[in-house]
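Heads up, the thing below is written out as structure tokens.
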2 protein chains.
Amino acid sequence: MELISLFSEPARLLITLLFEELKIKGYTGLKPAHAQVFQNLEKEGSRITELALKAGITKQSMSLLVYDMENAGYLKRYKDKGDNRAVIFRLTAKGEKLLKFSDQILRNIITKWKKEQGEYSLNELKVLLK
Amino acid sequence: MELISLFSEPARLLITLLFEELKIKGYTGLKPAHAQVFQNLEKEGSRITELALKAGITKQSMSLLVYDMENAGYLKRYKDKGDNRAVIFRLTAKGEKLLKFSDQILRNIITKWKKEQGEYSLNELKVLLK
DNA sequence: AATTATTAGTCAGTTAAACTGACTACAATA
DNA sequence: TATTGTAGTCAGTTTAACTGACTAATAATT
């Protein structure tokens, strides 16, 4: 397998499989890009700029993503006490469930892959990193 | 770092760094997506369908990518003897140079990363895969 | 041998997910 | 107080994929 794909392929697959599961379980209104939001959100809430930085995308892009997730009921928007420009986003109860469920799914997939059971093998990557 | 990013982040960085280098060295007319072409091309040449399958994209998308690279002088188009529907693409001398240089760059970056010297650390991923 | 199904590739249009640039409102600094 | 910087939004663009419909050629089936 080609070098860059050793990294990008499992990433792509993880997202695909995650969103298949999420859809089945009724978590609607989400697209792969939204994973970067809830995966990077701090317990106490996060700002858009902060999320953008962590996710490695622009604040403009992140702005749209959080807006979607707010509308879908996964996030709630709060005022930042002390900075009236800023907005804080926190997970709703629905969002918390989503996060927990997602983490579980992802861990399961990787565990399977490591045992050479799943649809993908991490062996070549492991060798590269040795 | 977030789970999916442990895979996608190095992939993204590798591509960015590779294309910075390539641009400096005068390999123009290329965008990140084109890496999937020359990285997957067989020595004896490859078909569009075959390349698409390896790269994990549709033949329609791959069709455009090889067209670009042909125009930029990295690939040459040949008839497939024995199947008049099919087209074979082979690297030109320029394309060969590109491939060799790219591989070298990518290997160098990863080697640096493994020694914890570069702009990124592979340690967290290594731990995950253990 | 003729028909049917499959495969290789292209054309056209669409979608997802990012980007840049310009802007407003507020905060921090000189 | 005036200037510079930061948080976020709006608008438009670009990159890189996608699906669907099609032609031409090959392979399979009857």
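From a predicted model like this one, the values you see are computed outputs, not experimental measurements. By convention in this document, chain letters (A, B, ...) are assigned in the order of the sequence lines, proteins followed by strands, and residues within each chain are numbered from 1.
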Beyond-backbone contact of L106(B) with Q39(B), side-chain heavy atoms, under 4.5 angstrom: yes
Closest to side chain of D83(B), choosing from dA7(D), dC18(D), dA25(D): dA25(D)
Hydrophobic cluster of I88(A), others only, ordered by chain and residue number, side-chain cut-off 4.5 Å: Y78(A)
Within one Ile-Leu-Val-Met-Phe-Trp-Tyr cluster: L41(B) and F19(B), side-chain cutoff 4.5 Å: yes
Could you go through residues 123-130 of chain A and list every donor-acceptor pair under 3.5 Å that involves a side-chain atom there, pairing it with any protein atom two or more places apart or in another chain?
| from | atom 1 | to | atom 2 | distance (Å) |
| --- | --- | --- | --- | --- |
| E124(A) | OE2 | M1(A) | N | 3.1 |

Test item: E21(A) side-chain N/O and L18(A) main-chain N/O as donor-acceptor pair under 3.5 Å: no
Atom-to-atom span, CD1 of I15(A) to C1' of dA17(D) - whole angstrom: 14 Å
Joint hydrophobic cluster, L13(A) plus I109(A), side-chain heavy atoms closer than 4.5 Å: yes
Listed once per pair and sorted, the salt bridge (charged side-chain N to carboxylate O under 4.0 Å, His left out) pairs that draw on residues 105-118 of chain B, sequence neighbours left out: none
Sugar-phosphate only, base, or nothing, as touched by R77(B) at under 4.0 Å among non-hydrogen atoms: sugar-phosphate
Non-hydrogen atoms of V37(A) and V66(A) that approach each other most closely: CG1-CG1, 3.8 Å
Whole-Å distance separating the CE atom of M62(A) from the C1' atom of dG8(D): 13 Å
Touch class at under 4.0 angstrom, heavy-atom based, for K31(A) against every strand present: sugar-phosphate
For atom NZ of K81(B) and atom P of dA25(D), their distance in whole Å: 17 Å
Interatomic distance where CD belongs to Q60(B) and P belongs to dT23(D) [whole Å]: 16 Å
Sub-4.0 Å heavy-atom contacts from residues 38-58 of chain B onto DNA chain C, ordered by number: R47(B), I48(B), T49(B)
Where chain B begins and ends its contact with DNA chain C, read 5' to 3' at 4.0 Å from heavy atoms: dT7(C) to dC11(C)
Side-chain-base donor-acceptor pair under 3.5 Å for R85(A) and dT6(D): yes
Residues 89-103 of chain A side chain polar contacts: donor-acceptor under 3.5 Å, at least two apart:
| from | atom 1 | to | atom 2 | distance (Å) |
| --- | --- | --- | --- | --- |
| R90(A) | NE | E44(A) | O | 2.9 |
| T92(A) | OG1 | G73(A) | O | 2.7 |
| T92(A) | OG1 | Y74(A) | O | 3.2 |
| T92(A) | OG1 | K94(A) | N | 3.4 |
| T92(A) | OG1 | G95(A) | N | 3.1 |
| K94(A) | NZ | A72(A) | O | 2.7 |
| S102(A) | OG | L98(A) | O | 2.8 |

5′-ward residue of the pair N84(A)/L65(A) relative to DNA chain C: L65(A)
5' priority, DNA chain C, between A33(A) and K59(A) [closest heavy atom]: A33(A)
